[in-house]
Each structure stands twice: as structure tokens, then as C-alpha cells.
Amino acid sequence: MSVLVLPAYSPFQFRSVIRSHGWYQLAPFEWDEASGVFRTVERLNSGRGVTLKITGQPEGVAVAARPKLTRHEEQEVAAKVTWMFGLDADFAEFYALADAEPRLAHCRKNAYGRLLRSSSLFDDAVKVMMTTNIQWSGTKRLVSALVDYFGEPLPGDGTRRAFPAAGRIARSRESTLRKMGLGYRAPYLLKLARGVASGQYDLEALKDEARSTEEVRRDLLALPGIGPYAAATLLGILGRYDYIGVDTEAVSAVSQGFYGGEPIGEKDVNAAFARWGRYKALAYWFWDFSGQQQSPMEAWEAKQA
DNA sequence: TTCCAGGGGTAGA
DNA sequence: TCTACCCATGGA
């Protein structure tokens with residue numbers, strides 16, 4: 001076993017990142033609320049699979065990796081975990097704005113802002129695609145099915161698998177994906193996986209901070225199965241908060257909170273948060289609609305339970 | 001049984 | 001740019 005301790009840019013709260021959105025419930029992620037242990041499986045560049053047990057530290061995270069990593073693999077794992085937890089992200093500018101807004105005043109003290117990411121943007125694009133026009137229980141089922149069927153098994157542990165590489169899905173058939181329950185999403189996922197595997201789509205290039213948000217959004221919208229909602233969600237994953245991922249929850253919450261319950265559309269949701277400029281998506285995502293210091297995520301979880 | 005979900009693609013206006 | 005319609009599947 002190897003242990004890495006990775007510092008985070010302050011302020012940082014492990015649990016706030018874990019529960020920033022529903023990803024912690026999707027395979028191969030596992031979260032144990034009682035013990036505060038987060039586990040996942042990663043496939044490294046060498047092809048080796050490793051399990052990561054990640055726990056919160058006062059100002060960062062500790063990563064226990066099995067089996068023992070080489071020095072080179074330690075660097076790779078550190079980079080992956082840094083990305084997944086946004087350890088180097090700085091939200092000072094957002095907090096300065098949020099401090100003056102009662103509905104966002106809880107953000108700084110809870111270190112809200114970081115959104116839990118998968119280690120690669122392909123994984124997150126697939127997961128977002130599996131959230132479209134489906135209930136959350138269905139999303140969990142489909143992602144688990146993809147991991148179980150295509151994921152790389154961990155040597156010596158047949159039960160744990162990493163999220164499948166694009167190439168593994170690319171070599172399958174649409175009929176196989178449909179049988180797994182993906183329905184009409186099957187051809188979209190197949191096209192995305194084949195495009196990524198062939199190099200037609202370079203998703204990791206979208207992490208380039210030098211590119212404009214509009215350009216990145218255009219590239220996201222060009223991907224099969226990625227529309228306005230999915231593109232906005234992925235932009236948030238990429239640390240760009242100019243667009244709100246408008247789903248049925250957003251429409252409902254913003255209608256109640258800002259339009260007196262009147263029927264509204266995607267434009268109205270974005271208009272309600274227009275004054276937050278490049279922090280629109282964060283302002284919406286952590287907005288305390290209930291007035292009880294509760295973000296939409298927490299309200300959504302409470303409704304689930 | 002009917003409706004609809006953390007929507008997207010397409011055609012037609 | 002906006003709207004209407006279709007898309008598979010399972011949960012409510």
C-alpha cells in the first residue's frame with residue numbers, strides 16, 4: 001500500500017466536495033457517510049488497476065492506494081485525485097460575492113464550490129449523458145451496468161472495476177448497449193466512445209484553461225448526446241460556471257423561488273442568476289432556496305430519502 | 001394505465 | 001432562434 005497526503009487550497013472541506021452533487025453515488029465511486037471514507041478504482045497509464053481509499057484531512061486529503069505504487073504512479077495518482085477533488089481550486093472571488101448575499105452566505109464556511117469530478121472527462125461526459133431524461137435511480141443503474149460490463153476488473157479482486165475506457169465501449173455494439181437498458185441513449189454513447197477512442201473527440205483538451213468558455217461549450221455541444229443541459233453541467237465540472245444546467249429540478253426550484261410559481265423556461269432560469277456573471281452556475285447550485293441554509297443538492301437528497 | 005424523469009436530435013417555421 | 005415531436009426505459 002502507498003499513502004499520499006495531498007494539500008488543498010484553503011478553504012477546503014472533504015465532505016462538501018463529496019456531496020457537491022450526485023456523483024458520489026455513481027460507480028465506481030463508493031462513499032461511506034459514517035466513516036467518511038471514499039473509495040474508487042482507477043486504471044493507470046501503465047494499465048494497472050488500483051483501488052484508492054480517500055479520506056479528508058484538515059486541509060486536504062489522504063490517499064491510500066493498493067497495491068503499492070511506483071514513484072511514477074504516485075505522481076499520476078496525485079494528479080488524478082487533485083483533479084477529482086479540485087484541490088488547487090481558488091473560490092475567493094466567488095466567496096467575496098457570496099458573502100454579501102444571504103442566500104449564499106453559507107458557501108464560504110462550508111467551502112462550497114468544488115464539484116466532485118471523475119478522473120477523466122470521458123467518464124463525466126458518459127455519466128452526464130446517463131442523467132438525461134431519466135430518474136436518478138435509473139442513472140445509478142445504467143452507470144453501474146456500464147462499469148460491471150465494460151469496466152477493467154482489478155487483478156485479484158473480481159468484484160471491483162474501474163470506469164470503462166472509451167475503447168472498451170467503442171468495441172461493443174448498439175444492441176448490447178440497448179440490452180443493458182440504455183434505450184435511445186445507446187447510439188449516442190457508442191458514437192461518443194468511438195469518437196474518443198479514435199481521437200476524433202479530444203475531451204481532455206477541453207480542460208485547457210486558455211480556451212474561451214464559448215469555444216469549450218461549442219465543442220461540448222458538438223458531442224453526440226450532449227445538449228444544453230449536459231454541456232452546462234460539464235462546463236461546471238470543468239470549472240466554468242457561466243451556464244446553468246437546466247433540468248426539471250432547476251425549472252421547478254427557480255420558478256418557485258423567483259417567478260412566483262409561474263411556468264418558466266431555460267432562459268428564465270439563467271436570467272434569474274444573470275447578475276452572478278461567471279458564477280451563475282455556482283450561485284444557482286448552492287442557492288439556499290428554502291432559507292434554511294440548504295443548497296438544492298441537500299434539498300434534493302432530503303427528498304430522495 | 002398513464003405520465004414523466006437531473007434532455008437531445010431533428011424538422012419546420 | 002423557437003416550437004413540436006419523437007425517442008426507450010423504468011419508477012411513481
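To find a chain, count down the sequence lines: A is the first, B the second, and so on, and within it residues start at 1. Because the structure is predicted, anything quoted here is derived from the model rather than measured.
- With rounding to the nearest 0.5 Å, the separation of CG in A:Leu87 from OG1 in A:Thr82 is 4.5 Å.
- With sequence neighbours excluded, the residues forming a side chain to side chain contact (heavy atoms under 4.5 Å, CB included) with A:Ser198 are A:Gln200, listed by chain and number.
- Sorted by first and then second residue, the salt bridge (Lys or Arg N to Asp or Glu O under 4.0 Å) pairs with a member in residues 170-184 of chain A read A:Glu174-A:Arg178; sequence neighbours excluded.
- The same atom, P, is picked in B:dA11 and in C:dA8; the two are 16 Å apart, to the nearest Å.
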All N/O contacts under 3.5 Å from nucleotides 9-12 of chain C to the protein, with atom names and distances to one decimal?
| unit_1 | atom_1 | unit_2 | atom_2 | d |
| --- | --- | --- | --- | --- |
| C:dG11 | O4' | A:Gln135 | NE2 | 2.7 |

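- Between the P atoms of B:dG6 and C:dC5, the separation comes to 24 Å (whole Å).
- Aromatic ring centroids of A:Tyr24 and A:Phe29 lie 6.0 Å or more apart.
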Please tabulate, for side-chain N and O atoms in residues 114-122 of chain A, each donor-acceptor pair with protein atoms closer than 3.5 Å (sequence neighbours left out).
| unit_1 | atom_1 | unit_2 | atom_2 | d |
| --- | --- | --- | --- | --- |
| A:Arg114 | NE | A:Gly86 | O | 2.7 |
| A:Arg114 | NH1 | A:Pro11 | O | 2.9 |
| A:Arg114 | NH2 | A:Tyr9 | O | 2.7 |
| A:Arg114 | NH2 | A:Ala89 | O | 3.2 |
| A:Arg117 | NE | A:Ile237 | O | 2.7 |
| A:Arg117 | NH1 | A:Trp83 | O | 2.9 |
| A:Arg117 | NH2 | A:Ile237 | O | 3.2 |
| A:Ser118 | OG | A:Asp124 | OD1 | 2.5 |
| A:Ser118 | OG | A:Lys127 | NZ | 2.8 |
| A:Ser119 | OG | A:Glu42 | OE1 | 2.7 |
| A:Ser119 | OG | A:Glu42 | OE2 | 3.2 |
| A:Ser120 | OG | A:Phe122 | N | 3.3 |
| A:Ser120 | OG | A:Asp123 | N | 3.3 |
| A:Ser120 | OG | A:Asp123 | OD1 | 2.7 |

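- Residue pairs meeting the salt bridge (Lys or Arg N to Asp or Glu O under 4.0 Å) criterion with at least one member in residues 238-258 of chain A, sequence neighbours excluded: A:Glu249-A:Lys303.
- Looking at residues 243-256 of chain A, you'll see A:Asp247, A:Thr248 sit with a heavy atom under 4.0 Å from some atom of DNA chain B.
- In this structure, the side chain to side chain contact (heavy atoms under 4.5 Å, CB included) partners of A:Tyr259, at least two apart in sequence or on a different chain, are A:Val254, A:Glu262, A:Ile264, A:Asp268, A:Ala271, A:Ala272.
- Taking CG of A:Leu142 as the start and CG of A:Leu189 as the end, the distance is 10.0 Å to the nearest 0.5 Å.
- When only modelled atom types and interatomic distance are considered, A:Trp31 and A:Glu33 share a side-chain donor-acceptor pair under 3.5 Å.
- Each of A:Val77, A:Val50, A:Val5 was compared with A:Val63 under the side-chain contact (heavy atoms from CB on, under 4.5 Å) criterion, and only A:Val77 meets it.
- Two rings, from A:Phe273 and A:Trp285, have their centers 6.0 Å or more apart.
- Between the CD1 atom of A:Ile226 and the CZ atom of A:Arg217 there is a distance of 12.5 Å, given to the nearest 0.5 Å.
- Where DNA chain B meets chain A (any atom under 4.0 Å from a heavy atom), the bounding nucleotides read 5' to 3' are B:dA5 to B:dG9.
- On the C1' atoms, B:dG9 is 22 Å away from C:dG10, given to the nearest whole Å.
- Distance check on atom C1': B:dC4 versus B:dG8 gives 16 Å, rounded to whole Å.
- Ionic pairing of A:Arg19 and A:Glu301 is present here: one or more N-O contacts between side-chain nitrogen and carboxylate oxygen are shorter than 4.0 angstrom.
- At a non-hydrogen distance threshold of 4.0 Å, A:Lys267 from residues 263-289 of chain A come into contact with DNA chain C.
- Remark: A:Leu223, A:Pro224, A:Gly225, A:Ile226, A:Gly227, A:Pro228, A:Tyr229, A:Ala230 in residues 214-242 of chain A come within less than 4.0 Å of DNA chain B through at least one heavy atom.
- Against DNA chain B, the stretch residues 121-130 of chain A makes no heavy-atom approach under 4.0 Å.
- Look at A:Arg160 and A:Asp157 and you find a salt bridge, because one of the NZ, NE, NH1 or NH2 atoms lies within 4.0 Å of a carboxylate O, short of that distance.
- Residues A:Phe85 and A:Phe38 bring their aromatic ring centres within 6.0 Å.
- In this structure, A:Tyr279 and A:Tyr241 have parallel ring planes: the angle between them is below the 30° cut-off, well short of the 60° mark.
- Between A:Arg161 and A:Asp148, no side-chain nitrogen of the basic residue sits less than 4.0 Å from a carboxylate oxygen of the acidic one, so the salt-bridge criterion is not met.
- Every pair tested for ring pair (Phe, Tyr, Trp, His ring centres under 6.0 Å) that includes a residue from residues 162-206 of chain A fails, sequence neighbours excluded, so the list is empty.
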